[in-house]
**Q** 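Starting off with a structure, shown below.
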There are 2 protein chains.
Amino acid sequence: MGAESADASKVNIFWKIPMFEFLEAEELDRLYSLCATERFAKGEYIFLECDQPKNLYVVVKGEVKLLKQTEDGRETIVEMAYPGEIFGEEAVFDGQPYPMTAQALEDVELLSISRGDFFSFLRDNPDLALEIITELGKRLREAQNTIRALAMERVEWRIARVLLMLSRKAGVMEADGVSIDLPLTRQDIADMAATTVETTIRVLSNFKKMGLVDTEKGKIILRDRKHLEEMVSEGCRQP
Amino acid sequence: MGAESADASKVNIFWKIPMFEFLEAEELDRLYSLCATERFAKGEYIFLECDQPKNLYVVVKGEVKLLKQTEDGRETIVEMAYPGEIFGEEAVFDGQPYPMTAQALEDVELLSISRGDFFSFLRDNPDLALEIITELGKRLREAQNTIRALAMERVEWRIARVLLMLSRKAGVMEADGVSIDLPLTRQDIADMAATTVETTIRVLSNFKKMGLVDTEKGKIILRDRKHLEEMVSEGCRQP
DNA sequence: ACAACCCTCTGACAGAAGTCATGGCGCGCT
DNA sequence: AGCGCGCCATGACTTCTGTCAGAGGGTTGT
């Protein structure tokens, strides 16, 4: 493990990402040399739905909302990208326009790789392709779970699901519960649960009354995770 | 077409599938030798949600419903697999249980490849991995479109979308319109549009009154495709 | 300090779609 | 034939959730 890289600290970023962690040090170096670091302030757009695909992005710091909009301005967050995850890959791989808009949830730091560079790197590292396939499979699963949820679950359940998902991805253990360490507005949560701000607020108030969650200076704290998980029950349902 | 022994004709099956068509003839042969042909009658289950993943499947003939269920028996069809498409890949790639149930919509013929065999074949054919990545990307896009639709569109729109999708995948040009050549019940359509039979029936009746569709001996015929497409407008929405 | 703005919260009301109940039609089966 | 069964169809009623309207708190900027 004698990585003699120009910029060891940055290559380490890849090193920490499950998807890349099995690559040789020299390949990590090469991959890194193909990347550019980009920063976006909270609320800035990284790309818009229907833009021509240029880059694949890796989240280094911060979170990115991947959303779709209607003509009248309503939004749905179809996916979130957290540190260590990639986004924009659908478009990069098939050359079609980006299928959704990417917006910084807070100040983010990204690595971007151009379509062409990434492809040639991928050709030289076939095992990475397998990693990516696995990753995409995971995403598909999640998307299908979301579809099921939207199709069959009531709002409360969907919001509970969103909270649990967020706590898994960005949860911080606290004295009494798990705090979601993200600058989320109720509108954001509504967009993730495919509902309106008003209902989200109402549901969260109810959850609070029931002792399931709490809010402290903007952050949401899950007080009774187990109970929330029971409502959702992502489990198996055999016919 | 009961060619049980004519190997050449079966290898041709792969030849016709976009995903495999670029492979060398000898690789196609090898791939085929790893496959088993399986047949399922209409309504039979190919695998159940939560089953341990054994095989990757390629649809040769017929269609497969990929669905999720609730405890109380309601179903959502999260995806359909048509001839030339693969399914079960999420589970095969990451080794987790199948995320949904696969059921034959009509009598189907499948090729199945075991997890291990497919992996080794994939290792020897890195370009196939790229094809698969592209395919998964396409699926993700579709899943996200579905999410958007469920989140923001009213039932009529969603049903129109389902009809259009079906006509694209299994449409047959007719004297006056496109006929959907599948043995679909209203319940199936309801499960695809994430609604109930009753509403599906009501909406289809309205569509019929409006001259958009017609039904002839069970089959649905799209009479005014353009109009339906206008309702749906899969287009781009930039912020 | 004040305004302007965004976010949160609450109440009243409306409407889309689900639920329940019932009937008819076609088809296979004994 | 006659029966049961699955699928299509329609009406009446319910309810969940979205819509609209307004009020309060907190923060930023001038």
Side-chain angles (χ1 to χ4, degrees), chain A residues 41-43 65 70 72-76 103 105-106 148-163 180 182-210 213-221 231, chain B residues 41-43 65 70-77 103 105-106 148-163 180 182-210 213-221 231:
Chain A
K42 175 174 177 166
K65 296 194 279 188
T70 48
D72 57 332
R74 287 176 304 147
E75 299 186 348
T76 311
Q103 185 183 21
L105 178 66
E106 47 184 332
R148 215 261 331 262
L150 292 182
M152 320 234 242
E153 284 172 4
R154 3 183 340 135
V155 231
E156 285 96 334
W157 280 222
R158 300 207 304 270
I159 291 178
R161 168 189 310 277
V162 166
L163 294 179
I180 293 171
L182 294 175
L184 289 167
T185 65
R186 312 283 139 143
Q187 182 68 60
D188 287 325
I189 296 175
D191 292 345
M192 294 190 215
T195 180
T196 58
V197 215
E198 294 93 328
T199 8
T200 304
I201 289 169
R202 278 188 252 268
V203 170
L204 285 179
S205 306
N206 281 344
F207 282 180
K208 199 166 175 175
K209 274 183 210 133
M210 294 161 71
V213 307
D214 242 323
T215 54
E216 247 168 48
K217 56 191 177 87
K219 305 264 182 259
I220 295 174
I221 303 175
M231 317 177 50
Chain B
K42 174 173 179 169
K65 296 194 279 187
T70 48
E71 312 79 66
D72 56 334
R74 288 177 301 148
E75 300 187 348
T76 311
I77 295 176
Q103 186 182 20
L105 178 65
E106 45 184 335
R148 215 263 328 265
L150 291 182
M152 320 234 240
E153 285 172 4
R154 4 183 339 138
V155 230
E156 286 94 334
W157 281 220
R158 300 207 305 269
I159 290 178
R161 168 189 308 277
V162 166
L163 294 179
I180 293 171
L182 293 175
L184 289 167
T185 66
R186 312 282 141 145
Q187 183 67 59
D188 288 326
I189 296 175
D191 292 346
M192 294 189 214
T195 179
T196 58
V197 216
E198 293 93 328
T199 14
T200 303
I201 289 169
R202 279 188 251 268
V203 169
L204 285 179
S205 307
N206 282 343
F207 282 179
K208 198 167 177 177
K209 274 184 209 133
M210 296 161 70
V213 306
D214 242 324
T215 53
E216 246 168 49
K217 55 191 178 86
K219 305 264 182 257
I220 295 174
I221 303 175
M231 317 177 51

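In what follows, every heavy atom counts, from backbone to side chain, and hydrogens, waters and symmetry copies are set aside. Naming: A, B, ... by sequence-line order, numbering from 1 per chain. What you see is a predicted model; the values in this text were computed from it and never measured.
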**Q** Output the single nucleotide from D:dC16, C:dA17, C:dT10 whose closest atom is nearest the side chain of A:Glu198.
**A** C:dT10
**Q** Could you walk me through whether A:Arg148 and A:Glu153 satisfy the salt bridge (charged side-chain N to carboxylate O under 4.0 Å, His left out) test, starting with their C-alpha distance in whole Å, then the side-chain angles of each, then the deciding distance to 0.1 Å, before giving a yes or no?
**A** CA-CA 8 Å; A:Arg148 215 261 331 262; A:Glu153 284 172 4; 3.6 Å; yes
**Q** Rounded to the Å, how far apart are A:Asn206 CG and C:dT8 C1'?
**A** 15 Å
**Q** Please pick, from D:dG18, D:dT17, C:dA17, the nucleotide with the shortest atom-to-atom distance to any side-chain atom of A:Thr195.
**A** D:dG18
**Q** Could you tell me whether the phosphate oxygens of D:dC8, OP1 or OP2, come under 4.0 Å of any side-chain nitrogen or oxygen in B:Arg186?
**A** yes
**Q** Let's see if you can work this out: which of C:dG18, D:dG18, C:dC9 has an atom nearest to the side-chain heavy atoms of A:Thr199?
**A** D:dG18
**Q** With a cut-off of less than 4.0 Å, is there a side-chain N or O of B:Ser205 near OP1 or OP2 of D:dT10?
**A** yes
**Q** In whole angstroms, how far is the P atom of D:dG26 from the NZ atom of A:Lys219?
**A** 17 Å
**Q** How long is the line joining CZ of A:Arg154 and C1' of C:dA17, in whole Å?
**A** 14 Å
**Q** For a quick check of understanding: with a heavy-atom distance under 4.0 Å over all strands, which category does A:Arg202 fall into, base, sugar-phosphate or nothing?
**A** base
**Q** Assess whether side-chain contact (heavy atoms from CB on, under 4.5 Å) is satisfied between A:Val197 and A:Thr200, documenting all intermediate values.
**A** CA-CA 5 Å; A:Val197 215; A:Thr200 304; 5.6 Å; no
**Q** Quick one: does B:Leu105's side chain get under 4.5 Å of B:Lys42's, heavy atoms only?
**A** no
**Q** In whole angstrom, give the distance that lies between atom CD of A:Glu216 and atom P of D:dG26.
**A** 15 Å
**Q** A:Ile220 vs A:Leu204, test: side-chain contact (heavy atoms from CB on, under 4.5 Å). Steps then yes/no.
**A** CA-CA 9 Å; A:Ile220 295 174; A:Leu204 285 179; 4.2 Å; yes
**Q** Figure out the CG/C1' separation between A:Leu150 and C:dA17, and round it to whole Å.
**A** 16 Å
**Q** Quickly work out the B:Leu204 CG to D:dA9 C1' distance and round it to whole Å.
**A** 11 Å
**Q** What's the closest nucleotide to the A:Ile201 side chain, out of C:dT8, D:dA9, C:dG18?
**A** C:dT8
**Q** Provide, to the nearest angstrom, the distance between the CZ atom belonging to A:Arg158 and the C1' atom belonging to D:dT17.
**A** 9 Å
**Q** Would you mind reading off the distance between B:Ile159 atom CD1 and C:dA17 atom C1', rounded to a whole angstrom?
**A** 11 Å
**Q** Begin from the C-alpha positions of A:Leu184 and A:Met192 and carry the test side-chain contact (heavy atoms from CB on, under 4.5 Å) through to its verdict.
**A** CA-CA 11 Å; A:Leu184 289 167; A:Met192 294 190 215; 3.5 Å; yes
